[in-house]
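Some notes on the structure that comes next.
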Amino acid sequence: MELTLEMERVAMHYILSKYVQQNPMSTNTQLFSFLALLNAYVPESYLLMSECQQILGPPDPIHGGPPFEERMEPFTIFINESSQKFMIHPITAQCSVQVLAALGISRSATVKNLMLSLCGDQPQPHILQFIKDLLTKRELGVKGKEKFSRLIEDIREEENFNNAVSVLKTASDKFKHRHIYPQTLSRLYYIKGRNIDYNKAEEWAKKAIERAPNNSYVADTLGQVYKNRFMREAWRLEDILRMAQEAFRAFKDVERKADKEEGPEMNDMAGTVSISNSFNHNGLFGFIQVAKIAFEKLRVARSPPSQESRSFIQNLKMEVTAKFEFFERYLTYSKPDMKSTEPHYFWKDVALCYELYTEKVAAKSRSFPGLLDGLNHGLFTSKGRHAGFEEAEQTVSDLEEIQEDLKTTYEADPANVKATESYILSNIILSNKMHNSPKLSPVSELKAIIHSFSDTDVGRRSPEFYLMALLLFWPEEEPQVVQDEDDEEVEQLATEDEGSEEETCEGDDSVEEQEPSREPEQLSLDLMFEPDLQRYVTFMEKAFGNSDAKYLRGRYHVPLFFLGKGSGLSRWIHKSRLDAIVENEVDAELAGERAGKKWSRIDEKWINGDVWRIPEVEDMLLPVRVQLCYTPTMPQEHEEEEVLLCAGGKKIKVRVGEPASALSPGLFYLGFTIQGPVVFKVCLDSD
């Protein structure tokens with residue numbers, strides 16, 4: 001490939017050099033340079049015949065002028081035409097850009113001429129998009145998104161920093177209402193090595209904010225300028241305190257604006273000031289980073305610490321704790337999507353900052369999400385391991401101690417809902433480690449505790465409360481008995497039970513007949529409380545909408561528990577148990593491959609649904625039955641697919657998990673996210 005490209009470059013240089021050297025300013029040279037630049041950096045881009053003719057100028061072929069092909073000689077052989085759209089093959093375009101640059105037609109000059117030539121009073125939308133992509137589209141690299149577009153990087157490296165600045169200034173002046181160009185200019189000034197100029201970065205960041213005053217991502221650029229200047233220039237105590245406060249103010253502004261932004265479903269609603277596909281957490285995270293840097297700088301600046309620095313730290317403690325609690329919840333309940341997670345430094349900065357200000361270890365948190373995350377400790381996929389922390393797996397004695405402590409806390413204040421939620425969860429978590437631990441509280445006792453809250457603030461609890469209620473009161477299905485071939489009586493009973501799915505779901509009598517097999521105490525509690533599962537599911541979804549939906553929009557909601565084949569608490573399988581099985585299987589497959597390969601392979605098993613076909617997982621989980629949920633209207637764009645889940649003789653409307661659709665018969669497993677129950681389809685080989 002390299003030899004072919006070099007040969008093409010040599011041939012192109014031979015063909016073009018004489019003409020371009022003699023006609024560097026001709027209109028056809030200019031048009032060719034535009035097409036080459038566009039297709040080298042935005043491969044699907046094009047120019048219409050009318051735009052080409054605009055650049056070439058009169059006489060137009062329709063008025064007797066020479067045809068396009070003739071006017072474009074000697075470049076014609078490199079140009080392709082399809083439906084009046086003109087373009088150059090991307091590889092040819094890349095060679096052309098290099099040849100033209102060697103002949104004195106630089107990338108920076110070309111893109112500025114392109115903007116001036118085709119962006120008059122009413123530029124075409126596709127031209128505006130191509131220019132935006134040229135100057136601001138950041139490619140996804142090995143370590144995430146690149147800092148700048150490929151064109152800006154090439155101008156900076158092949159020409160110089162000032163030419164890159166000049167191009168972005170031209171775009172900013174040309175498109176006076178677009179914030180992206182001054183925003184990119186600001187980033188160019190504060191990110192790039194020896195050319196760093198924080199004053200100019202601040203100036204351009206503020207100009208971007210003027211153009212998009214309600215956009216939290218634009219506001220974040222100013223916070224990043226202040227954070228980077230603070231990190232590199234503040235060493236004296238007075239500078240540390242002043243510059244930290246400056247950065248804090250900027251990030252709090254980001255946080256306020258992010259909190260007012262709505263999801264895409266609100267795009268057409270009156271009064272919506274800003275739309276964002278996902279919640280911008282940069283204000284919260286930027287605050288954490290500045291607080292961490294400030295603590296470390298103050299520790300170095302004064303020894304022993306002054307009263308001023310001690311007061312500064314004490315005043316931040318509450319805010320740092322609140323932001324830690326946000327991210328603990330945010331990262332436990334969700335991830336960017338099924339195949340990615342936050343960068344390794346993300347949880348590291350959050351956890352270390354929290355520990356600096358509170359002297360508490362983040363991994364030992366006993367909040368509800370902290371307890372949920374506890375069983376992940378020691379796994380390759382845990383956020384602690386991803387952040388580079390040494391993490392010990394929690395033992396049975398660890399979990400028993402936690403359960404005892406939380407029981408004591410609950411008993412000291414039984415009306416405290418959060419203490420109740422955590423106490424119940426600690427029992428479910430412990431049962432995942434040792435299903436017959438003598439420390440486990442009886443299920444009937446836990447049900448009675450939940451029921452004691454049922455008459456107060458109904459429908460106004462947290463998603464965690466309804467999660468605990470649903471896990472406790474979810475009906476236990478009788479396991480199917482394997483029949484002997486010669487047992488005619490049992491065979492006949494089995495045949496009678498194999499009614500239609502409709503009959504099985506609605507047959508309340510058959511469920512009641514099975515109840516005596518349960519312990520009498522549990523039966524009496526269930527009959528006494530008569531939990532309406534659909535009502536609890538609805539409450540949980542509404543609670544999620546009130547507390548988490550804004551912050552977790554656009555993200556993948558991590559399943560927390562799956563329905564297993566056990567009974568009581570032990571039937572709820574924490575996701576970490578499945579992750580451990582998947583990790584062992586991937587280890588056996590890869591035999592010591594690098595960590596990145598292991599991450600992608602684990603993700604792939606979840607995304608493709610391979611995890612459901614692992615024998616150990618199949619032995620652990622209990623299949624559930626679902627029916628299609630027919631509605632009189634078509635689902636809206638942002639609505640999730642739903643089915644009816646058959647449980648305890650009832651039909652409960654639940655969501656369908658990624659990635660498989662439920663629009664065909666199959667095997668399903670039940671899981672719970674912080675939003676509510678969700679079923680996952682097992683795609684069998686015969687499907």
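Computed from a predicted structure; not experimentally measured. Atoms considered below: every heavy atom in the structure, side chains included; atoms not considered: hydrogens, waters and symmetry mates.
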Restricting to non-hydrogen atoms, name the atom on [X] and the atom on [Y] that form the minimum distance, rounded to 0.1 Å.
X: Asn280; Y: Ala258; value: O-CB, 3.4 Å
X: Ile614; Y: Ile581; value: CG2-CG2, 3.9 Å
X: Arg211; Y: Pro182; value: NH1-CD, 3.7 Å
X: Gln183; Y: Thr221; value: NE2-OG1, 3.1 Å
X: Val290; Y: Lys227; value: CG2-CG, 3.7 Å
X: Ser149; Y: Leu134; value: OG-O, 2.9 Å

What distance do [X] atom [atom1] and [Y] atom [atom2] have between them, rounded to the nearest 0.5 Å?
X: Glu261; Y: Phe279; atom1: CD; atom2: CZ; answer: 8.5 Å
X: Leu621; Y: Glu616; atom1: CG; atom2: CD; answer: 11.0 Å
X: Ile180; Y: Thr136; atom1: CD1; atom2: OG1; answer: 4.5 Å

Parallel, tilted or perpendicular, judged at 30° and 60°: which one describes the rings of Trp599 and Phe380? tilted
Aromatic plane relationship, Phe562 with Trp606 - under 30° parallel, 30 to 60° tilted, over 60° perpendicular: parallel
Can you tell if the side chain of [X] reaches within under 4.5 Å of the side chain of [Y], non-hydrogen atoms only?
X: Tyr333; Y: Leu372; answer: yes
X: Glu391; Y: Leu379; answer: no
X: Val656; Y: Val678; answer: no
X: Arg571; Y: Lys565; answer: no
X: Val350; Y: Leu331; answer: no
X: Leu371; Y: Ser422; answer: yes
X: Leu222; Y: Ile209; answer: yes
X: Val643; Y: Val654; answer: yes

With a 3.5 Å cut-off and no angle check, do the side chains of [X] and [Y] form a donor-acceptor pair?
X: Gln534; Y: Lys653; value: no
X: Trp572; Y: Asn432; value: no
X: Asn584; Y: Asp587; value: no
X: Asn376; Y: Ser382; value: no

Residues in salt bridge (Lys or Arg N to Asp or Glu O under 4.0 Å) with [X], at least two apart?
X: Lys137; result: none
X: Asp259; result: Lys550
X: Lys433; result: Glu393
X: Glu319; result: Lys252

| message | Applying salt bridge (charged side-chain N to carboxylate O under 4.0 Å, His left out) to Arg601 and Glu589, what does each step give before you reach the verdict? | response | CA-CA 9 Å; Arg601 187 69 187 107; Glu589 291 175 3; 3.0 Å; yes
- Quick check: are there more than 12 heavy atoms from other residues, nucleotides or ligands sitting under 6.0 Å from CD of Glu604?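 Enclosed.
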My understanding is that only residues two or more places apart in sequence, or in another chain, count here; which of them pass side chain to side chain donor-acceptor pair (under 3.5 Å) with [X]?
X: Lys206; value: Glu202
X: Glu421; value: Ser462
X: Ser576; value: His574

Within the distance-only criterion (no hydrogens, no angle test), does the side chain of [X] pair as donor or acceptor with the backbone N or O of [Y] below 3.5 angstrom?
X: Asn228; Y: Gln224; result: yes
X: Tyr357; Y: Ala291; result: yes
X: Arg461; Y: Ala543; result: no

Run the salt bridge (charged side-chain N to carboxylate O under 4.0 Å, His left out) test on Arg249 and Asp253 for me, step by step, so that the C-alpha distance in whole Å, both residues' side-chain angles and the decisive distance to 0.1 Å come before the verdict.
CA-CA 6 Å; Arg249 284 193 296 271; Asp253 184 50; over 6 Å; no
Test ring-ring contact (aromatic ring centres under 6.0 Å, His included), reference Phe287, set Tyr226, Phe248, Phe251, output is Phe248
Does the separation of the ring centres of [X] and [Y] fall below 6.0 angstrom?
X: His557; Y: Phe544; result: yes
X: Tyr181; Y: Trp204; result: no
X: Trp474; Y: Phe561; result: no

Fill in: Passing candidate, salt bridge (Lys or Arg N to Asp or Glu O under 4.0 Å) with Glu583, options Arg385, Arg577, Lys598
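The residue from Arg385, Arg577, Lys598 that satisfies salt bridge (Lys or Arg N to Asp or Glu O under 4.0 Å) with Glu583 turns out to be Lys598.
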Dump the intermediate steps for side-chain hydrogen bond (donor to acceptor under 3.5 Å, both in side chains) on Asn427 and Gln403, then the final yes or no.
CA-CA 6 Å; Asn427 280 276; Gln403 189 265 2; 3.0 Å; yes
Working for side chain to side chain contact (heavy atoms under 4.5 Å, CB included), residues Thr332 and Lys383 | CA-CA 9 Å; Thr332 298; Lys383 64 176 184 281; 3.6 Å; yes
* Name all pairs fulfilling the side-chain hydrogen bond (donor to acceptor under 3.5 Å, both in side chains) condition that reach into residues 320-331, sequence neighbours left out, sorted by first residue then second. =>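 Counting only pairs at least two positions apart or across chains, the side-chain hydrogen bond (donor to acceptor under 3.5 Å, both in side chains) contacts touching residues 320-331 are His281-Tyr330, Glu328-Ser365, Glu328-Ser367, Arg329-Glu464, Arg329-Asp548, Tyr330-Arg555.
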Review point. Any side-chain hydrogen bond (donor to acceptor under 3.5 Å, both in side chains) pairs touching residues 347-356, not counting sequence neighbours?
Key: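 Every pair satisfying side-chain hydrogen bond (donor to acceptor under 3.5 Å, both in side chains) with a residue in residues 347-356: Gln289-Asp349.
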Taking only Lys NZ, Arg NE, NH1 and NH2, and the carboxylate oxygens of Asp or Glu, determine whether Lys575 and Asp579 approach each other closer than 4.0 Å.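 Between Asp579 and Lys575 there is a salt bridge, with a charged N closer than 4.0 Å to a carboxylate O.
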Residues Glu618, Arg613: salt bridge by 4.0 Å N-O rule: no
* Asked: Residues two or more places apart in sequence or in another chain: which of them pass side-chain contact (heavy atoms from CB on, under 4.5 Å) with Ala212?
  ->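 Counting only residues at least two positions away or on another chain, Ala212 forms a side-chain contact (heavy atoms from CB on, under 4.5 Å) with His179, Asn215, Val218.
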Residues passing the side-chain contact (heavy atoms from CB on, under 4.5 Å) test with Asp337, sequence neighbours excluded, are Lys339, Ser340
Report task. Could you tell me whether Arg187 sits above the aromatic face of Phe148, with NZ or CZ closer than 6.0 angstrom to the six-membered ring centre and within 45 degrees of the axis? Result -> yes
Those residues at least two apart in sequence (or on a different chain) that pass ring-ring contact (aromatic ring centres under 6.0 Å, His included) with Tyr669 are Trp612
